[in-house]
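Atoms considered below: every heavy atom in the structure, side chains included; atoms not considered: hydrogens, waters and symmetry mates. All values derive from a computational prediction rather than experimental measurement.
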Amino acid sequence: MTVESVANQPKGRTRLVGKVHATIVVSNVFDEARADDGELAPEEVRTLILHEVLVDTGSNMLCLPGAMIRRLGLRKLRDVNVATAVGEKTAAIYRGVSLSVEGRVGTFECLETPGGEMALLGVIPLEALGIELDLQSQRLILLPERGNGTYITVLEWRIRPER
């Protein structure tokens, strides 16, 4: 990791620049449901453990290469246009990915990385799982799930009486 001065920032301010990698586990959520129902043995759930996955705050989604998507047997949801560093591309979004990061688990869509061979972990799954980046230490930080400071928020919750 490097600490670089940025010319456009006020004098004396620095900006942290670094890379954060994570180990993640991705599974086919439909396989997991079948295993829960006893239709599939737990060891038959299509699962990949991915090491050194780049946590990319420039991406908003979980991004997986096509070969991984095929190994997981994910279901295609739709095609979308994606803005990349080399211009606009068409990519497919797949549904039914169970994602585990630092012990937190959620179900997400994923984008097939257009032309890429590397998995990326974007900001939407990070925020949904209550995970922040610590660039200085190059690690992930779990936000509290309970009590003051919890990352789980609801603007307003009212229970309406039945009529």
Side-chain angles (χ1 to χ4, degrees), residues 1-9 13-33 35 42-145 149-153:
M1 183 192 80
T2 61
V3 178
E4 299 177 357
S5 293
V6 178
N8 298 2
Q9 291 186 348
R13 296 189 85 184
T14 58
R15 185 172 127 193
L16 294 176
V17 179
K19 287 184 181 178
V20 177
H21 291 90
T23 296
I24 68 173
V25 180
V26 288
S27 302
N28 182 314
V29 76
F30 301 106
D31 286 358
E32 289 180 347
E43 61 273 6
E44 293 180 285
V45 174
R46 290 170 281 189
T47 301
L48 298 172
I49 300 171
L50 307 176
H51 302 281
E52 295 296 312
V53 172
L54 180 64
V55 179
D56 182 7
T57 58
S59 296
N60 57 2
M61 299 182 76
L62 171 65
C63 300
L64 297 174
M68 290 180 191
I69 289 170
R70 286 186 291 282
R71 284 180 61 193
L72 292 169
L74 300 179
R75 298 177 183 185
K76 185 174 177 180
L77 187 59
R78 66 184 180 278
D79 289 318
V80 294
N81 291 331
V82 179
T84 72
V86 294
E88 194 171 283
K89 302 236 180 206
T90 300
I93 292 180
Y94 290 81
R95 63 186 175 124
V97 180
S98 175
L99 169 66
S100 175
V101 183
E102 297 287 326
R104 300 237 173 121
V105 180
T107 301
F108 298 93
E109 296 175 348
C110 79
L111 179 82
E112 183 176 359
T113 310
E117 295 183 14
M118 185 169 68
L120 302 171
L121 180 57
V123 295
I124 291 173
L126 289 174
E127 287 181 358
L129 296 173
I131 300 173
E132 285 186 349
L133 278 74
D134 178 349
L135 290 176
Q136 191 167 16
S137 299
Q138 295 183 322
R139 65 186 185 93
L140 299 175
I141 299 170
L142 295 177
L143 299 174
E145 289 184 312
T150 179
Y151 74 94
I152 301 169
T153 58

Visitor: Would you be so kind as to tabulate the donor-acceptor pairs closer than 3.5 Å made by side chains of residues 72-81, with sequence neighbours excluded?
Guide:
| unit_1 | atom_1 | unit_2 | atom_2 | d |
| --- | --- | --- | --- | --- |
| Lys76 | NZ | Asp79 | OD1 | 3.0 |
| Lys76 | NZ | Asp79 | OD2 | 3.3 |
| Asn81 | OD1 | Thr90 | OG1 | 3.4 |

Visitor: Check whether any side-chain heavy atom of Thr23 lies under 4.5 Å from a side-chain heavy atom of Val53, and answer yes or no.
Guide: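 Side chain of Thr23 against side chain of Val53, heavy atoms only: no contact under 4.5 Å found.
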Visitor: State, with a plain yes or no, whether a side-chain heavy atom of Leu121 is found less than 4.5 Å away from one of Leu99.
Guide: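 Leu121 vs Leu99: side chains touch.
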Visitor: Going by the rule salt bridge (Lys or Arg N to Asp or Glu O under 4.0 Å), which residues pair with Arg71 if we only count those two or more places apart in sequence or in a different chain?
Guide: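 Arg71 satisfies salt bridge (Lys or Arg N to Asp or Glu O under 4.0 Å) with no residue once adjacent residues are dropped.
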Visitor: Once you round to the nearest 0.5 Å, how far does CD1 of Ile93 lie from CG of Leu62?
Guide: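 Result: 11.5 Å between the selected atoms.
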Visitor: Kindly write out the residues that satisfy salt bridge (Lys or Arg N to Asp or Glu O under 4.0 Å) with Lys89, not counting sequence neighbours, or none if the list is empty.
Guide: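 Checked Lys89 against salt bridge (Lys or Arg N to Asp or Glu O under 4.0 Å); zero matches.
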Visitor: What's the separation between atom CG in Leu142 and atom CZ in Arg104, rounded to the nearest 0.5 Å?
Guide: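 Rounded to the nearest 0.5 Å, the CG-CZ separation comes out at 4.5 Å.
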Visitor: Considering residues at least two apart in sequence or located in another chain, which fulfil the salt bridge (Lys or Arg N to Asp or Glu O under 4.0 Å) criterion with Asp31?
Guide: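 Partners of Asp31 by the salt bridge (Lys or Arg N to Asp or Glu O under 4.0 Å) criterion, ordered by chain and then number, come out as Arg46.
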Visitor: Would you give the length of the straight line joining atom NE2 of His21 to atom CG of Asp56, rounded to the nearest 0.5 angstrom?
Guide: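 It is 10.0 Å, given to the nearest 0.5 Å.
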Visitor: Give, for atom OG1 of Thr57 and atom CG of Leu135, the distance between the pair rounded to the nearest 0.5 Å.
Guide: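 Result: 7.5 Å between the selected atoms.
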Visitor: Any chance you could measure Leu48, atom CG, to Ser27, atom OG, to the nearest 0.5 Å?
Guide: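 Between atom CG of Leu48 and atom OG of Ser27 there are 8.0 Å.
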Visitor: Sequence neighbours left out, what passes side chain to side chain contact (heavy atoms under 4.5 Å, CB included) with Glu132? Give chain and number order.
Guide: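 Only Leu143 meet the side chain to side chain contact (heavy atoms under 4.5 Å, CB included) criterion with Glu132.
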Visitor: Pairs under 3.5 angstrom only: tabulate donor-acceptor contacts from the side chains of residues 105-117 to other protein residues two or more places apart or in another chain.
Guide:
| unit_1 | atom_1 | unit_2 | atom_2 | d |
| --- | --- | --- | --- | --- |
| Glu112 | OE1 | Tyr94 | OH | 3.4 |
| Thr113 | OG1 | Leu64 | N | 3.4 |
| Thr113 | OG1 | Leu64 | O | 3.4 |

Visitor: If you compare all heavy atoms of Leu140 against all heavy atoms of Glu102, which two are closest, and at what distance to 0.1 Å?
Guide: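 Heavy-atom minimum between the residues: CD1-CG, 4.1 Å.
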Visitor: What is the distance from atom CG of Asn28 to atom CZ of Arg95, rounded to the nearest 0.5 Å?
Guide: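 With rounding to 0.5 Å, CG (Asn28) is 10.0 Å from CZ (Arg95).
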Visitor: Please report the closest heavy-atom contact between Pro42 and Ala35, naming both atoms and the distance.
Guide: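 Reported closest heavy-atom pair: CA-CB, 4.4 Å.
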Visitor: Write down the atom of Met118, the atom of Leu54, and the distance for their closest heavy-atom approach.
Guide: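 Here Met118 and Leu54 meet closest at CE-CD2, 4.2 Å.
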